[in-house]
Amino acid sequence: MSAATTDVRAVERWFEAQGLPYFVGDHADRVESWLSSRRILASLVLVLAVSVGAGWLVGHRAGTEWGTTVGVLLFLVLLGGYAGGLLRMTTMIRWAVRRTFGSLGLMVPLLTRALPLLLLAVTFLFVNAEVWQVAALMPRPRLWLAVLAFAAVAVLFLLVRLPEEVRGVERDASGERLVELCAGTPAAALAGPGATSAGLPRFARVNLVLVLLFNQAVQVLLLAVLLLGFFVAFGLLAIPDATVESWTGAPVTDLPSLGASVPVSNELFQVSVFLAAFAGLYFTVYAVTDATYREQFFSSVSEELERAVAVHAVYAAARQDATTAER
């Protein structure tokens with residue numbers, strides 16, 4: 001194996017570690033051929049049929065709402081398993097989790113900018129009787145469907161806005177900066193003074209959008225979990241059961257299957273989950289619309305993404321040269 005081929009393999013392993021499996025030529029080609037074939041349609045039909053069947057069976061025994069919830073969750077789990085296996089999205093999620101928890105210190109200034117207004121708005125809703133009447137008395141399956149709806153809207157909003165950031169990163173990682181950006185990476189040995197960027201392939205660009213999506217999603221999930229704990233603690237301290245009963249017009253109940261062993265009522269839990277999910281959606285919209293927050297957030301990841309784009313330009317040229325030499 002030549003030194004150039006060894007360097008190319010090292011770059012491919014570097015891409016995997018950065019959560020960028022679609023930057024590797026062979027894998028991107030396999031995914032593209034799979035998605036463009038009839039097998040993807042057959043797989044989706046099978047997943048949908050299994051989910052609908054399971055939802056119908058559960059709904060027949062436990063009620064329509066439970067059936068709908070189980071069907072939707074099973075569809076998402078099967079689709080996630082499919083995406084995690086063939087499409088290698090677990091690689092991107094692992095990178096996003098590592099990066100989020102490895103840079104918690106950088107997140108604090110970002111969160112302190114968004115949290116004051118967010119807490120003010122959501123805490124006002126938390127002490128609102130109408131919110132308790134809606135969320136506390138909502139059947140549990142409908143609550144989870146509402147949470148999924150909030151999550152779906154947030155993901156769609158990110159998918160509309162994030163491609164703009166990817167195009168900006170691709171523009172910045174070009175020209176004379178290619179060699180500079182490749183410094184300290186396995187592509188440094190392959191980058192020459194005349195290195196140029198031919199532009200990212202479609203699936204590589206999709207990969208950048210997905211790593212940004214998962215990075216933002218992990219942060220939003222972490223914020224939602226923290227707010228869930230805050231609402232539960234605040235409710236235990238400030239809202240007695242008598243107040244909850246006067247707001248909802250129904251007696252307070254224990255959490256199903258946990259009973260009185262956990263000092264959190266079912267009503268408090270449901271309202272906390274509902275508002276934490278809503279706060280996650282609010283934070284997502286804020287994160288991609290506030291100019292200052294966007295600049296601070298994306299400045300912390302844009303350098304990494306620019307480096308990846310530069311490494312891919314050098315990698316693509318080296319891979320093409322290696323293929324030509326073998327012929």
Side-chain angles (χ1 to χ4, degrees), residues 18-23 31 35 72-73 75-77 79-80 82-84 87-104 106-107 109-111 113-115 117-118 121-122 144-172 200 202-228 274-306 308-309:
Q18 302 301 310
L20 300 169
Y22 297 174
F23 276 49
V31 171
L35 292 178
V72 171
L73 289 177
F75 177 79
L76 293 176
V77 168
L79 197 62
Y82 174 79
L87 304 183
R88 302 291 299 278
M89 288 190 182
T90 51
T91 303
M92 308 176 204
I93 295 173
R94 283 200 302 270
W95 174 86
V97 172
R98 285 200 310 268
R99 193 187 183 286
T100 299
F101 286 94
S103 58
L104 287 177
L106 298 176
M107 281 185 60
L110 298 178
L111 292 179
R113 178 177 177 82
L115 273 179
L117 185 60
L118 174 62
V122 182
W144 297 128
L145 289 176
V147 171
L148 288 176
F150 285 139
V153 172
V155 169
L156 288 175
F157 195 82
L158 287 173
L159 289 176
V160 170
R161 299 302 296 266
L162 291 179
E164 300 175 15
E165 304 299 330
V166 170
R167 285 191 290 269
V169 166
E170 195 172 356
R171 283 194 303 269
D172 293 338
L200 287 176
R202 178 178 57 173
F203 271 79
R205 198 173 289 114
V206 168
N207 201 159
L208 288 181
V209 172
L210 289 175
V211 295
L212 282 175
L213 172 67
F214 290 135
N215 190 30
Q216 187 74 63
V218 171
Q219 292 188 14
V220 171
L221 180 61
L222 181 61
L223 175 71
V225 171
L226 292 175
L227 287 176
L228 173 63
F274 183 84
L275 289 180
F278 174 78
L281 173 59
Y282 178 97
F283 179 72
T284 302
V285 174
Y286 177 87
V288 294
T289 54
D290 182 81
T292 304
Y293 185 94
R294 287 178 66 188
E295 180 181 357
Q296 292 177 346
F297 170 74
F298 287 110
S299 66
S300 65
V301 296
S302 61
E303 185 176 348
E304 296 178 41
L305 300 184
E306 288 172 9
V309 172

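- With sequence neighbours left out, the side chain to side chain contact (heavy atoms under 4.5 Å, CB included) criterion links V153 to L281.
- A search for side-chain hydrogen bond (donor to acceptor under 3.5 Å, both in side chains) contacts involving R161 returns nothing, not counting sequence neighbours.
- Every residue meeting the side chain to side chain contact (heavy atoms under 4.5 Å, CB included) condition with V166, not counting sequence neighbours, appears here in chain and number order: R205, L208, V209, L212.
- Of the options L213, N207, N215, a side chain to side chain contact (heavy atoms under 4.5 Å, CB included) to V211 is made by N207 and by none of the others.
- In plain terms, the two heavy atoms of A279 and V122 that are nearest each other are CB-CG2, 4.1 Å.
- Across all non-hydrogen atoms, the minimal contact from A224 to A276 is O-CB, 3.5 Å.
- Qualifying side chain to side chain contact (heavy atoms under 4.5 Å, CB included) partners for F214, counting only residues two or more places apart in sequence or in other chains: M89, M92, I93, A96, L210.
- Contacts of A277 classified as side chain to side chain contact (heavy atoms under 4.5 Å, CB included), with partners at least two apart in sequence or in another chain: V147, F150.
- L227 places none of its side-chain heavy atoms less than 4.5 Å from the side chain of L275.
- Among pairs with a residue in residues 207-216, none fulfils salt bridge (Lys or Arg N to Asp or Glu O under 4.0 Å), at least two apart in sequence or across chains.
- Counting all heavy atoms, side chain and backbone alike, A204 lies closest to F23 at O-CE1, 3.2 Å.
- The aromatic rings of F278 and Y282 sit tilted, their planes meeting at an angle between 30° and 60°.
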Worked verdict on Y286 versus L118 for side chain to side chain contact (heavy atoms under 4.5 Å, CB included): CA-CA 9 Å; Y286 177 87; L118 174 62; over 6 Å; no

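- Distance check, rounded to the nearest 0.5 Å: CG of L305 to CG of L20 gives 7.5 Å.
- Here the CD atom belonging to Q18 is positioned 10.5 Å from the CZ atom belonging to R99, to the nearest 0.5 angstrom.
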